[in-house]
Amino acid sequence: MSQLGEGNLVTGWIIVVLLGVMAVAILLQPYLILFEELNRRGKPWTLENICSRINVYQLALSLSCVFYLYSIRRLFLENEESESNDLKVYSATSLGLCESFYVLFSWKRSSELVKSQVSSKFATALKYIVHIAPLLYISPGVFLLLKWQKAHNIGLVLNGVLTLTLDGVFATRFLRQMLELRNVNISVPEEFKIISFYGLLSCLFCCLCVACFAATLLMNPIPDSHALPQNAPLSFYITYNLLLVFLVLVASTALVMKWRLGHPTMFARESVQSLVRDFLSVSEKDGAVRSKNPL
C-alpha cells in the first residue's frame with residue numbers, strides 16, 4: 001500500500017473514533033440539560049429553558065463538528081473528482097459553522113465579564129464583531145464554490161486569526177478577574193474557577209487547532225487545504241490528525257464544563273451566564289477592584 005493510501009486509511013479510522021466521541025457527546029447533551037441543568041435547579045422543562053441560546057450554540061457546535069469530520073473522512077477516501085469538489089465545499093462550510101458557533105458560545109459564556117472590564121464602546125463593538133463573524137467564517141466555502149482559490153485560502157487564514165483574537169479576549173478576561181480577586185484576598189467561588197478553567201482550556205485547544213491547520217497549509221503540496229494531498233509526508237498526516245483531535249477537544253470542553261457546573265458537588269446555579277453575573281455582583285459588593293479602562 002502506498003504512503004498516500006496508508007495515511008488516508010489511518011486518518012479515516014481516527015475520524016471514525018472521533019465521530020464516536022462526538023456522537024456520545026451529542027447524546028449526553030439532552031441529559032445534561034434536562035436533569036443536571038433544569039431538574040437539579042427546580043426549573044420547568046419549558047422550551048425557553050431547554051432551548052436557551054447557550055444550549056443551542058453548544059449543540060450546533062457539536063453537530064457542525066460531526067459534519068466536518070464526516071466530510072473530511074469522505075474527502076480523504078474519495079477518488080472521484082466530481083464528488084471531491086463537492087466535499088471540499090461541504091468541509092469548508094462545516095468548518096466555518098464550527099468556528100461560528102464556537103465564537104457565539106464563547107461570547108455568551110463570557111459577555112457579562114467582558115462588559116464589566118472594558119468600556120461600553122469596546123464591548124458593543126466586540127458584540128457586533130461576534131455576530132458578524134459567522135458571515136466571514138462561511139465565506140471560504142462560498143469562495144471555494146465560486147472557484148476563487150486564493151480568496152478561499154486567505155479567508156481561512158484570516159478566520160483563524162479572528163477566532164484566536166476573540167477567544168483570547170474572552171479567556172484573558174477570566175484570568176484577569178481571578179488575579180484581581182486574589183490580590184484583594186477575596187475567595188473565588190468554585191463555579192467561577194470552573195468557568196475560567198474551561199474557558200482558558202478551550203482557548204488553548206483552539207490555538208493548537210489553528211496552529212496545526214496552518215502547518216498543514218504549509219506542508220500540503222496542493223494549494224488547497226481541503227484537497228486530497230498527493231505524496232504528502234508523514235508529518236502532514238500526523239499534524240492533520242492532531243488538528244482533528246484538538247477540534248473535538250474544543251467542542252467537548254464546553255460539554256465537560258456543563259457537566260462540572262451541573263454536578264451536585266459543584267453547587268451550580270442557574271446558568272453559565274448567570275453564574276458570572278451573580279459572581280460579579282458579589283465581588284463588587286466585597287470591594288473587588290476591576291478595571292474600567294478599554295483594552
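In this structure, Leu19 CG and Ile72 CD1 are separated by 11.0 Å, a value rounded to the nearest 0.5 Å.
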For residues 55-65, please give each side-chain donor-acceptor pair under 3.5 Å, one per line with the distance, not counting sequence neighbours.
unit_1, atom_1, unit_2, atom_2, d
Asn55, OD1, Lys258, NZ, 2.8
Asn55, ND2, Ile50, O, 3.2
Asn55, ND2, Ser52, OG, 3.0
Gln58, NE2, Ala254, O, 2.9
Ser62, OG, Gln29, NE2, 2.8
Ser62, OG, Gln58, O, 3.2
Ser64, OG, Ala60, O, 2.8

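Within the structure, every pair that satisfies the side-chain hydrogen bond (donor to acceptor under 3.5 Å, both in side chains) test and touches residues 156-166, not counting sequence neighbours, is listed here: Tyr137-Thr163.
Minimum heavy-atom separation, Ala215 to Thr239: CB-CG2, 3.7 Å. Taking all atoms of both residues into account, the shortest heavy-atom contact from Tyr68 to Ser91 is CD1-O, 3.2 Å. Taking both residues in full, the closest heavy atoms of Leu162 and Ala133 are given as CD2-CB, 4.0 Å, listed atom of the first, atom of the second, then distance. Thr93 and Gly141 get closest at one heavy-atom pair: OG1-CA, 3.9 Å.
Ring centers of Phe101 and Phe105: at least 6.0 Å apart, outside the cut-off.
Hydrophobic cluster membership for Leu164: Val210 (Ile, Leu, Val, Met, Phe, Trp, Tyr linked by side-chain heavy atoms under 4.5 Å, directly or transitively). Here Ile154 sits in one hydrophobic cluster together with Leu158; the rule is ILVMFWY side chains under 4.5 Å apart, joined directly or through other members. With a 4.5 Å cut-off between side-chain heavy atoms of Ile, Leu, Val, Met, Phe, Trp and Tyr, the cluster of Tyr128 takes in none.
Residues meeting the side-chain contact (heavy atoms from CB on, under 4.5 Å) test with Val16, sequence neighbours left out: Trp13, Arg73. Shown here are the side-chain contact (heavy atoms from CB on, under 4.5 Å) partners of Pro134, two or more places apart in sequence or in another chain: Ser100, Leu104. Partners of Ser202 according to the side chain to side chain donor-acceptor pair (under 3.5 Å) rule, which considers only residues two or more places apart in sequence or in another chain, are Tyr102. For Val114, the side-chain contact (heavy atoms from CB on, under 4.5 Å) partners two or more places apart in sequence, or in a different chain, are Trp107, Ser110, Val118, Leu126, Phe170, Arg173. For Tyr70, the side chain to side chain donor-acceptor pair (under 3.5 Å) partners at least two apart in sequence or on another chain are Arg74. The side-chain contact (heavy atoms from CB on, under 4.5 Å) search around Val256 returns Tyr198, Arg260, not counting sequence neighbours.
Val248 pairs in a side-chain contact (heavy atoms from CB on, under 4.5 Å) with only one of the listed residues (Leu243, Thr253, Val17, Leu18), which is Leu18.
Between Tyr90 and Phe67, the ring planes are tilted. Angles from 30° to 60° get that label.
Judged purely by atom type and a 3.5 angstrom limit, Ser252 has no side-chain atom pairing as donor or acceptor with the backbone of Leu249.
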